[in-house]
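Following: one structure in structure tokens, then a few remarks.
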Amino acid sequence: MDNFKLETDADGIAVITFDAPGKSMNTLTAKALGEIETVIGQVKGNAAISGVVFASGKPSGFCAGADLDEMIASFTTGDDEAALKALYDRVSAFNRVFRGIETCGKPVAVALEGLALGGGFELALACHYRVAADNPKFQVGLPESKVGLIPGGGGTQRLPRLIGAMAAAPLLLEGKTLRAQEALSLKVVHEVVSPGEGIKACKAWIKGGGEAVAPWDKKDFKIPGGPVYSAQGIQVFIMGNAMVRKSTYCNYPAQLNIMKAVYEGLQVDIDAALRIESRYFANTCRTPQATAMIRTLFQSMQALGKGAARPKGAATTNVKKAAVIGAGMMGGGIAHAQALAGIETVLLDQTQEAADKGKAHVADLLTKAASRGRLAPDNAQAALALVTASSDYGLIKGSDLVIEAVFENREVKATATKRAEAELSADAVFGSNTSTLPITGLAEASKRPENFIGIHFFSPVDRMGLVEIIKGAKTRDQTIAMAVDYVLKIKKTPIVVNDSRGFYTSRCFSTYLSEGLEMLAEGIAPAIIDNVGRATGMPRGPLEMADDVALDLVQKITVQAKADLGEAYQDRPTDALIETMVVTRGRLGRKNGKGFYDYPESGGEKSLWPGVGGIVQAIVTEAEPDLVEHLRTRLLYRQAVEAARCFDEGVVTDPRDADVGAILGWGFAPWSGGPMSLIDGVGVAAFVATCDTLAKQYGDRFDPPAGLRAMAAKGQGYYGPAPSKTAVA
Ligand code: NAD
């Protein structure tokens, strides 16, 4: 066996240690699965063995789940029938092997010292006893639905049988994970012990007469919360269906299939239930949403996480000390991310008081993480000790990198650049966190523009995983490499783009707001616009999001674009609309409690501001299905066509950057896999044809760029040849 080690102690307890060779984390490959079947066979046939303990040889945890790369290969091969059968057979192997553990006749326990996710958690659920280590690294859950899949190793059947369908729902449908104490209070694990004590506790359970039967294999088994057809059970499914539809707008086949698998599976015995799950698993894998989501949210994320965006051949760098100038909302967040990654951080502001305020924000974030069990208190203390708050630019000396997050003003940024460079060595890098100012222009203030780069974080920094790295005209490859290495070190996902107004993310995101405003100016009722926006899979409607961004900022960007573009700027009806909102009505958005919505001071639910009707009269107040479909297409295609333009202009050069950046950066409909995947999914030719129709109706903002037309003519897609089947959207 390559992946497992079997050792039997003097009490006849077999410890099976999962330790995949050459990997930092265990995954369930077909080979590993086969080895589990073999080892369980050996245990079963050996009368001297009284019980089994599964454990891990990796400090990181037990198992991260099925090897998705291996599985993905079988997703799209062959015709429907053959591919479905291949998928069914492949996933059935998980259920056969795990069921084999559960019914081997010996008590089986598992020691979970760190994470157990997806198939790794499903393996644990097939054991009769689960012990968790009280360790911040501990985490169990079923994240499959986050990449468009359903759990396929019994998760949809064992978890609801263990804790009831209602309690299982957030784990199955949202991929919620549990810490040790949460897992204990939900009765997902039986016991929580100190780190390193897991195997001992498992053995003690076996020696104490641990039962070798799963609850659902006992005659008197009752599903917690009642069977499907009971007063309580029916409530769960009626409410559950409504909630799934409300939160997903039926954009995600995985969530619907999970609901079906649980509903059907709980009405039959466990063996039939597992077959039902396997069928839904195979069906889900064959959906275009699963293909697109896995590619972007798993494969591309993983590739970018390994530095795919890094220039080839550039020397590896390791930022040990970095200064952050500007200790405001962004600067504080950046300092926090650096400190967590063990980077010595100087946090500077104009006054000591302002710098201290930034450090207090870091302390606050660390304390919260520690109080929620996500960070050991000692580590929180150590991280905070790495941050020095000051107003003394002299402390920058010795930094490998400086990031400025001062006010969004060219002069202020130029001064900060000059003062920092006076302290820096010749090979240190200067990064700007500007959200809008072109990098090439900002680099003019620098003595070393080849070492100057955009490092664009998203707000709030502690929750947003993306960083957009922007190359200026003179930025050299080694500078890009350092920016990528730094972003990876602080555990975020880097994408690399070229300089452009709004770079990639802000430029495309702004089209979503702008299309919503166009609809409003045409007389479509605000409620329809925002409801359709949410139904496309975007996190919020365009008007809500405009309020969140701040309407005065939207107006400022327009004024700046007008000034920069001069005669080339084309006035739009929405300019007047925003100006009236901001200048005449003083409605700045969420920040002053007044925008397209009213925000009660008490913090209650926001409601649409009736006064919008006094600025632009609603003509369309009924959302007929055809209209909804049309508006949905406009909102999604407007963003996708802008992303295609960015591609044509060389602002983005890799579809993976574009897709990951869109989902992580501005919440572009995740079910689509991102704008490039959306275009590929629809088919480039079909997308171009629809855009041409929209351009005739609404103007050249929908015009597909030349490169996209050329791709359509050649039958190409961003990720290779156009698929034979039309798919999503
Ligand atoms: P902020 O107003 O909260 O913080 C700016 C800080 O910079 C203030 O504390 C100010 O005192 C300090 N400062 C100003 N001049 C300085 C100087 N010369 N030396 C040292 N400190 C100085 O602003 P913010 O929201 O944190 O934004 C900072 C930058 O990040 C801006 O360029 C902004 O465009 C960009 N950005 C903001 C967001 C966002 O959502 N807020 C997102 C991405 C990027």
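For ligands, and for the atoms within them, numbers begin at 1 and follow the listed sequence.
Met330 SD, 3.7 Å is the protein heavy atom nearest to atom 39 (C) of ligand 1. Ranking the protein heavy atoms by distance from atom 15 (N) of ligand 1 puts Val412 CG1, 3.5 Å first. Summary of contacts: the protein heavy atom closest to atom 44 (C) of ligand 1 is Asn433 O, 3.2 Å. Looking from atom 4 (O) of ligand 1 to the surrounding protein, the closest heavy atom is Gly328 CA, 3.3 Å. Of the protein's non-hydrogen atoms, Phe407 CE2, 3.5 Å is the one closest to atom 2 (O) of ligand 1. Distance from atom 3 (O) of ligand 1 to its nearest protein heavy atom, with residue and atom name: Met329 N, 3.0 Å. Of the protein's non-hydrogen atoms, Glu408 OE1, 2.5 Å is the one closest to atom 32 (O) of ligand 1.
With no hydrogens or angles considered, no side-chain donor-acceptor pair links Gln352 and Ser391 at under 3.5 Å. Thr505 and Glu468 share a side-chain donor-acceptor pair at under 3.5 Å.
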Set out, in order, the CA-CA distance, both residues' side-chain angles and the distance that settles side-chain hydrogen bond (donor to acceptor under 3.5 Å, both in side chains) for Ser425 and Asp427, then state yes or no. CA-CA 6 Å; Ser425 67; Asp427 56 354; 2.9 Å; yes
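Of all the heavy atoms of Lys357, none lies under 4.0 Å from any atom of ligand 1, so neither backbone nor side chain is involved. Proximity of Asp349 to ligand 1, defined as any heavy-atom pair under 4.0 Å, is shared by backbone and side chain alike. Contact annotation: for Phe457 versus ligand 1, heavy atoms closer than 4.0 Å belong to the backbone alone. Here Ala354 has no heavy atoms under 4.0 Å from ligand 1, in either its backbone or its side chain.
The option with the heavy atom closest to atom 31 (C) of ligand 1, from among Thr434, Ile334, Val406, is Val406. When the heavy atoms of Ser459, Pro460, Ala405, Ala550 are ranked by distance to atom 28 (C) of ligand 1, first place goes to Ala405.
Counting the atoms of ligand 1 from 1 in the order shown, those under 4.0 Å from a heavy atom of Ile325 are 19 (N), 20 (C). Under a 4.0 Å criterion applied to the non-hydrogen atoms of Lys413, ligand 1 contributes the atoms 31 (C), 32 (O).
The aromatic rings of Tyr599 and Tyr597 sit tilted, their planes meeting at an angle between 30° and 60°. The aromatic rings of Phe452 and Phe430 lie parallel to each other, their planes meeting at an angle below 30°, with 60° marking the opposite boundary.
With respect to Glu522 and Arg634, a salt bridge is recorded, a charged nitrogen being found less than 4.0 Å from a carboxylate O. Salt-bridge formation is detected for the pair Glu642/Arg507: a Lys NZ or Arg NE/NH1/NH2 atom is positioned less than 4.0 Å from an Asp or Glu carboxylate oxygen. Using a cutoff of 4.0 Å between basic side-chain nitrogens and carboxylate oxygens, Glu515 and Arg701 are scored as salt-bridged.
When all heavy atoms are compared, the tightest approach of Pro675 to Phe668 is N-CE2, 3.5 Å.
Under a 4.0 angstrom heavy-atom cut-off, His456 registers as being in contact with ligand 1. Not a single heavy atom of Ala416 sits under 4.0 Å from any atom of ligand 1.
Of the polar atoms of Tyr393, at least one N or O is found under 3.5 Å from an N or O of ligand 1, judged by distance alone.
Here the side chains of His456 and Ser506 are in contact, with some heavy-atom distance below 4.5 Å.
By the 6.0 Å and 45° rule, Arg295 stacks over the aromatic ring of Tyr719.
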